[in-house]
Amino acid sequence: MLLTDTFAVYLVAGILAVSAATIVLLLIRTKHTESVSYLKYLAVFILINFLMGALYLWEAFHEVITGNFGYSFVCRVADISLFVAQAYIWVRYLFSSTSEKNTLLKRLSVPGFAVIFIISFITYGFFINSGYEATSSFTAIAEIAIATGISIFQIAGEISVIREKPGRLSVIYTAAVSLLLLVNGWWNAVCVLVLLKTDGFIMLTYSTHYCLAGITVLTLIYIYKTDFQSTFLSSSVPDENALINAAVIKYGISEREKDVLILACEGKTNPDIAKELFISINTVKHHLHSIYAKMDVGSRVEMVRKVRG
């Protein structure tokens, strides 16, 4: 038991380190752009992951030191509060990544998650004991309601992202994180309701740790690929204008598309490009998708790489 607890300490410590690095990268990137709403959502998302990791590290360390397992009202409420906040911020990030301004589920996300939080607070505060075991039949209803509510909003947000066709990398990233969150949410519900009778807490703990680690690493890779790589490359590539002009001729890119391409190669975000060119974000996306098709690429990073040879 001590070996697995020690591993948990190292695993969560690694999550904290990667989360901290990701937050630093996001803060650096935020200074280079004026439109940072999606970056703010990602920063808050990773900050919540960091806080969850800190809580789990304390819990694992406490168990290693004392040899006992049992969590107070405060720990249980903090755990579920961060879990719900993580899901909420992720849903807001998904909806912020699309041009759909006023969908029903988007409008309902705030009151919906408020209800989910209240149910979660009551359930984990009063109907689950210090061993994370259900103490009432109400727990089963509440766990299913929590998992179902979060799933509906996450699936709706992911569908909105897919409809937007933001590029292969974005779809893969959002789908992978949404899947990890959904699996973790339902697995937690199953563990609380069924598996805790047979050392289920161990399975619950490690499933959460692995999901958290996966989400954190995926996010670190994603923000580097989409928001940093082209910025880092831009300062080291000579005669950028000549390379862009060559790509314009080679692939038949229009003048307006060229304007978008230049700014994209500089590492500007879609909102930044829209503001600088006095066009809508949807128009920017339309031009980018047209460029992707002409250059036969699936993402912004692939486009920049191809321009630079």
Side-chain angles (χ1 to χ4, degrees), residues 44-45 48-49 51-53 55-56 59 69-95 103-162 174-215 218:
V44 174
F45 181 67
I48 292 171
N49 286 355
L51 294 175
M52 292 176 75
L55 178 63
Y56 298 152
E59 290 175 347
F69 147 78
Y71 300 114
S72 65
F73 172 89
V74 173
C75 286
R76 297 195 308 274
V77 169
D79 188 4
I80 193 61
S81 297
L82 288 171
F83 174 80
V84 174
Q86 180 193 49
Y88 171 71
I89 292 299
W90 180 248
V91 168
R92 297 300 299 177
Y93 169 74
L94 292 176
F95 282 125
T103 63
L104 177 61
L105 284 175
K106 185 175 182 179
R107 293 198 306 271
L108 291 176
S109 61
V110 174
F113 270 94
V115 173
I116 291 171
F117 174 78
I118 292 171
I119 295 174
S120 301
F121 183 93
I122 294 172
T123 303
Y124 279 74
F126 303 102
F127 294 97
I128 289 178
N129 63 22
S130 62
Y132 273 80
E133 296 174 326
T135 60
S136 168
S137 57
F138 169 80
T139 307
I141 299 172
E143 283 289 346
I144 293 173
I146 293 167
T148 301
I150 291 175
S151 298
I152 290 172
F153 286 112
Q154 286 181 345
I155 291 172
E158 185 59 37
I159 290 173
S160 296
V161 170
I162 293 173
T174 57
V177 173
S178 293
L179 181 62
L180 282 172
L181 290 173
L182 287 171
V183 169
N184 186 50
W186 281 101
W187 182 247
N188 285 353
V190 170
C191 286
V192 169
L193 295 176
V194 180
L195 299 178
L196 286 175
K197 301 299 182 182
T198 56
D199 255 353
F201 182 78
I202 295 176
M203 291 181 282
L204 170 63
T205 299
Y206 285 99
S207 69
T208 301
H209 290 176
Y210 290 137
C211 284
L212 194 60
I215 290 168
L218 281 171

> Step by step, would you call Tyr124 with Glu143 a side-chain hydrogen bond (donor to acceptor under 3.5 Å, both in side chains)?
Replying inline: CA-CA 10 Å; Tyr124 279 74; Glu143 283 289 346; 2.7 Å; yes
> Which is it for Val44 and Tyr93 under the side chain to side chain contact (heavy atoms under 4.5 Å, CB included) test, yes or no, and what are the steps along the way?
Replying inline: CA-CA 10 Å; Val44 174; Tyr93 169 74; over 6 Å; no
>> side chain to side chain contact (heavy atoms under 4.5 Å, CB included), that's the test. Do Phe83 and Asn184 meet it? Break it down for me.
In response: CA-CA 10 Å; Phe83 174 80; Asn184 186 50; 3.8 Å; yes
>> Between Leu181 and Cys211, does the side chain to side chain contact (heavy atoms under 4.5 Å, CB included) criterion hold? Intermediate values first, please.
In response: CA-CA 7 Å; Leu181 290 173; Cys211 284; over 6 Å; no
> Can Ser178 and Glu158 be said to form a side-chain hydrogen bond (donor to acceptor under 3.5 Å, both in side chains), step by step?
Replying inline: CA-CA 7 Å; Ser178 293; Glu158 185 59 37; 3.2 Å; yes
> Could you go step by step and tell me if Ile150 and Val91 meet the side chain to side chain contact (heavy atoms under 4.5 Å, CB included) rule?
Replying inline: CA-CA 9 Å; Ile150 291 175; Val91 168; 5.9 Å; no
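Here the closest heavy-atom approach between residue Leu218 and residue Ala176 is recorded as CD1-CB, 3.8 Å. Across every non-hydrogen atom of Arg92 and Lys106, the tightest pair is NH1-O, 3.7 Å. The minimum heavy-atom distance between Ile119 and Ala142, with the atom names listed, is CG2-CB, 3.9 Å. When every heavy atom of Ile146 is checked against every heavy atom of Ser120, the shortest pair comes out as CD1-OG, 3.3 Å. Gly125 approaches Val77 most closely through the heavy-atom pair CA-CG2, 4.0 Å.
Contact of the Ile215 side chain with the Phe45 side chain is registered, since non-hydrogen atoms from C-beta on lie closer than 4.5 Å. Arg76 is listed as a side-chain neighbour of Ser130, based on a closest heavy-atom distance under 4.5 Å. Between Leu82 and Gln86, the closest side-chain pair of non-hydrogen atoms is not below 4.5 Å. At a threshold of 4.5 Å between non-hydrogen side-chain atoms, the residues Phe95 and Leu105 count as touching.
Listed for the Thr148 side chain is no donor-acceptor partner under 3.5 Å among the backbone atoms of Ala145. Side-chain atoms of Thr123 do not come within 3.5 Å of backbone N or O of Thr139 as any donor-acceptor pair. At distances below 3.5 Å, not a single donor-acceptor pair connects side-chain atoms of Ser136 with backbone N or O atoms of Phe127.
Separating the CG atom in Leu94 from the CD1 atom in Ile162 is a distance of 10.0 Å, to the nearest 0.5 Å. The CZ atom of Phe117 sits 4.0 Å away from the OG atom of Ser81 when rounded to the nearest 0.5 Å. Of the inter-residue distances, the one linking Ile116 atom CD1 with Ile152 atom CD1 reads 8.5 Å to the nearest 0.5 angstrom. Atom-to-atom distance recorded for Ile128:CD1 and Ile122:CD1 is 12.5 Å, nearest 0.5 angstrom.
For Phe73 and Phe126, the ring centers sit closer than 6.0 Å to each other.
Of the N and O atoms on the side chains of Thr174 and Trp90, not one donor lies less than 3.5 Å from an acceptor on the other residue.
The aromatic rings of Phe113 and Phe153 sit tilted, their planes meeting at an angle between 30° and 60°.
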